[in-house]
Amino acid sequence: MRADGVAGPQLEDPLVARLASGKETSWLRPQLDPAAQSLGACSLPEGLVEDARRRFRRFAPWFADRFPQTRAADGIIESPLERAGALQSRMGELLGAELPGTLWVKRDDTLPVSGSIKARGGFHEVLQVVEGIVESEQLGAAGSDGHRSEGAAGVRTLRDPATARTLHQHGIAVGSTGNLGLSIGLLAAEFGLRATVHMSTDARPWKKDMLRSRGVEVVEHAGDFSAAVAAGRTAAGADPLTHFVDDESSLSLFAGYAVAARRLAGQLAALEVTIDESSPLLVYLPCGVGGGPGGVTYGLKQVFGDHVHCIFMEPTSAPSMMLGVRTGLHSEVSVQDIGLSGSTIADGLAVGRPSRLVGEQIGGMIDGFVTVADERMAALVSVLDETHGWRVEPSATAGAIGPWRVMDDAAYREARGLDAHSVARAHHIVWSTGGSMVPEDEMNGYLQQGRAAQGIFCP
């Protein structure tokens, strides 16, 4: 707890006190403030998500040209939505409760190039930076309308040696717990930008090694995620040609994440899944600083309105977004202020202080928060492997317990009109994060640890 006593009054709130105890906690909001939950209440720029969607489309030919794994999707960075029937059955056995409705997993652990949800936001910001440099330096040939054309012409421009020389004069930097750094660093290096990733010393060594092998400078800092972000922001500020990606307040990252919503809507439609009042959508989003789940939530609310319920899933030791929204202090409060460490096996979620941007702009749209113990996330790594052969990082499992927590809360279900009929027709989507980039020996360690932890489900 902080010496200035700031946390004292907050601990009078029973929910904050429970968070401070480190116990698994749920805060499912029976009612949302109609004004706060309205998309119109946001001050986000109009067309933010559509602009990001078009940018991804413009660069799709370049991705197809540079990354063979994206060619089957014509250069579009997207992950599959997979039915998780075996996981649903196994979790029902472990928890002693059958889940009504249908369970799905959104496999962002398999996103091409960098293998995590962070590819969405991180890639978008890099693309926006590159596009800005190309336009400001007037690189490439203009079309008959005076504008530089998209698609193949863009690929030719980016292949041009003059473009490569110009891009190499510019830098991009980010503070990260791991996966955002991978996304920013790997893509920036592919464009020839000078890339620097500031990471805490306890971030996964293999992520640092992978970045360094691609020519990315990795700067390690004692302390947590916020310390790495602060150091990166200061260092980048001293170089006018270096752009700093601020995970705590970046609209560009946020917009990139939000693009996922329309893609998901298309996937559901292709599967002939209808989302409406009698067939609601419940989405469980692992949360660190809040940018990824915040962007996805904003996009989902645009598409599905009141028919989607977005639940943020956080580690018991790092419930930064729940704490920030519950207290209304957002980035002015950290989990360390209530005596928590912020250290967790889910390194992508090891964030002590939440994003003010997300808290202020979409905090009122978040339907609920659930915290998950490290031991449970560890066990779920092995459960996903045993049921579907999906090998993911611990952070990617955080959402898997969410559907059972929501269905166990009768007050929430009644207040939100989730009666027996709609619950039976509900669609639950567990949003995965990372895993496909994890080295085999590291993954084997996760699996061994997970098998040993499965006793947490025993009564």
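Only heavy atoms go into these numbers, but all of them, side chains included; no hydrogens, no water, no symmetry mates.
Taking all atoms of both residues into account, the shortest heavy-atom contact from Cys310 to Asp367 is N-OD2, 2.7 Å. Nearest heavy-atom pair across Ala400 and Val430 is N-CG1, 3.7 Å. Closest non-hydrogen pair, Asn179 versus Ser116, comes out as CB-OG, 3.5 Å. Across every non-hydrogen atom of Val335 and Ser317, the tightest pair is CG2-O, 3.8 Å. For the residue pair Ala236 and Phe244, the shortest heavy atom distance occurs at CB-CB, 3.7 Å. Contact between Ile77 and Arg120 at its shortest, heavy atoms only, is O-NH1, 4.4 Å.
Between the side chain of Arg18 and the backbone N or O of Glu24 there is at least one donor-acceptor pair closer than 3.5 Å. In this structure, Ser395 contributes its side chain and Ala346 its backbone to no donor-acceptor pair below 3.5 Å. Counting only distance, with no hydrogens or angles, the side chain of Ser176 and the backbone of Gly181 share a donor-acceptor pair below 3.5 Å. In terms of modelled atom types and a separation under 3.5 Å, the side chain of Glu314 and the main chain of Leu349 share no donor-acceptor contact. Using modelled atom types, no side-chain atom of Trp206 and backbone atom of Pro439 make a donor-acceptor pair closer than 3.5 Å. Looking only at distances, no side-chain donor or acceptor of His124 sits under 3.5 Å from a matching main-chain atom of Ala255. Although no hydrogens or angles enter the test, the distance criterion places no donor-acceptor pair under 3.5 Å between the side chain of Thr196 and the main chain of Ala173. Judged by distance alone, with hydrogens and angles left aside, the side-chain atoms of Ser355 form a donor-acceptor pair with the main-chain N or O of Leu357 at under 3.5 Å. Looking only at distances, a side-chain donor or acceptor of Ser436 sits under 3.5 Å from a matching main-chain atom of Asp109.
Contact annotation: the side chain of Tyr446 never approaches that of Arg391 to less than 4.5 Å [non-hydrogen atoms, C-beta and beyond]. Side-chain contact between His307 and Leu281 is absent, with no heavy atoms from C-beta onward closer than 4.5 Å. A heavy-atom distance below 4.5 Å is not found between the side chains of Met91 and Leu99. Looking only at side-chain heavy atoms (C-beta outward), Met443 and Leu447 come within less than 4.5 Å of each other. Annotation: side chain of Ser422 is not in contact with side chain of Glu277 (no heavy-atom distance under 4.5 Å). Looking only at side-chain heavy atoms (C-beta outward), Ile366 and Arg29 come within less than 4.5 Å of each other. By the 4.5 Å heavy-atom criterion applied to side chains, Thr25 and Pro319 are not counted as neighbours. Inter-residue side-chain proximity for Leu253 and Leu180 is flagged as met; some heavy-atom pair is nearer than 4.5 Å.
Side-chain contact, Gln454 with Ser382: a donor N or O sits under 3.5 Å from an acceptor N or O. Donor-acceptor pairing under 3.5 Å is recorded for the side chains of Gln88 and Arg83.
Ring-plane geometry between Phe254 and Tyr298 is classed as tilted, the angle between the planes lying from 30 to 60 degrees on a 0 to 90 degree scale. Aromatic ring orientation, Tyr412 versus His309: perpendicular (interplanar angle above 60°, classes split at 30° and 60°).
A salt bridge does not link Arg416 with Asp409: none of the charged nitrogens is closer than 4.0 Å to a carboxylate oxygen. Ionic pairing of Glu332 and Arg356 is present here: one or more N-O contacts between side-chain nitrogen and carboxylate oxygen are shorter than 4.0 angstrom. With salt bridges taken as basic N to acidic carboxylate O contacts below 4.0 Å, none links Arg107 and Glu78.
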Check the pair Ser331, Glu248 against side chain to side chain donor-acceptor pair (under 3.5 Å), reporting the backbone distance first and the verdict last.
CA-CA 9 Å; Ser331 61; Glu248 296 176 345; over 6 Å; no
Check step by step if side chain to side chain contact (heavy atoms under 4.5 Å, CB included) holds for Thr274 and Ser279.
CA-CA 7 Å; Thr274 299; Ser279 185; 5.6 Å; no
Evaluate Ile429 against Leu264 for side chain to side chain contact (heavy atoms under 4.5 Å, CB included), listing each step before the verdict.
CA-CA 10 Å; Ile429 296 180; Leu264 177 64; 3.9 Å; yes
For Val273 and Ile275, what are the C-alpha separation, side-chain angles and deciding distance, and is it a side chain to side chain contact (heavy atoms under 4.5 Å, CB included)?
CA-CA 7 Å; Val273 172; Ile275 302 301; 4.0 Å; yes
Taking it one step at a time, do Lys301 and Val308 satisfy side chain to side chain contact (heavy atoms under 4.5 Å, CB included)?
CA-CA 7 Å; Lys301 295 290 185 177; Val308 64; 3.8 Å; yes
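Among Lys208, Arg204, Lys207, the single residue meeting the salt bridge (charged side-chain N to carboxylate O under 4.0 Å, His left out) criterion with Glu220 is Lys208. Of the candidates Val372, Val381, Thr433, Val381 is the only one forming a side-chain contact (heavy atoms from CB on, under 4.5 Å) with Thr397. When the options Arg263, Lys106, Gln267 are evaluated for a side chain to side chain donor-acceptor pair (under 3.5 Å) with Ser79, the one that passes is Lys106. Applying ring pair (Phe, Tyr, Trp, His ring centres under 6.0 Å) to Phe123 and the options Phe63, Phe59, Phe191, Phe56 leaves one that passes, Phe63.
Between atom CH2 of residue Trp104 and atom CG of residue Leu87 there is a gap of 13.5 Å, rounded to the nearest 0.5 Å. Annotation: the span from Glu190 atom CD to Leu186 atom CG amounts to 9.0 Å, rounded to 0.5 Å. Leu44 contributes atom CG, which lies 11.0 Å from atom CD of Glu360 (distance to the nearest 0.5 angstrom). Interatomic distance, OG1 of Thr316 versus CG of Asp374, reported as 6.0 Å (0.5 Å rounding). One distance of note links CH2 of Trp390 with CD of Glu82; it measures 5.0 Å at 0.5 Å rounding. To the nearest 0.5 Å, atoms CE (Met321) and CD1 (Ile362) are separated by 7.0 Å.
Within 6.0 Å of CD in Glu414 there are 12 or fewer heavy atoms belonging to other residues, nucleotides or ligands. Summarising the local packing, CD of Glu93 is surrounded by more than 12 heavy atoms from other residues, nucleotides or ligands at distances under 6.0 Å.
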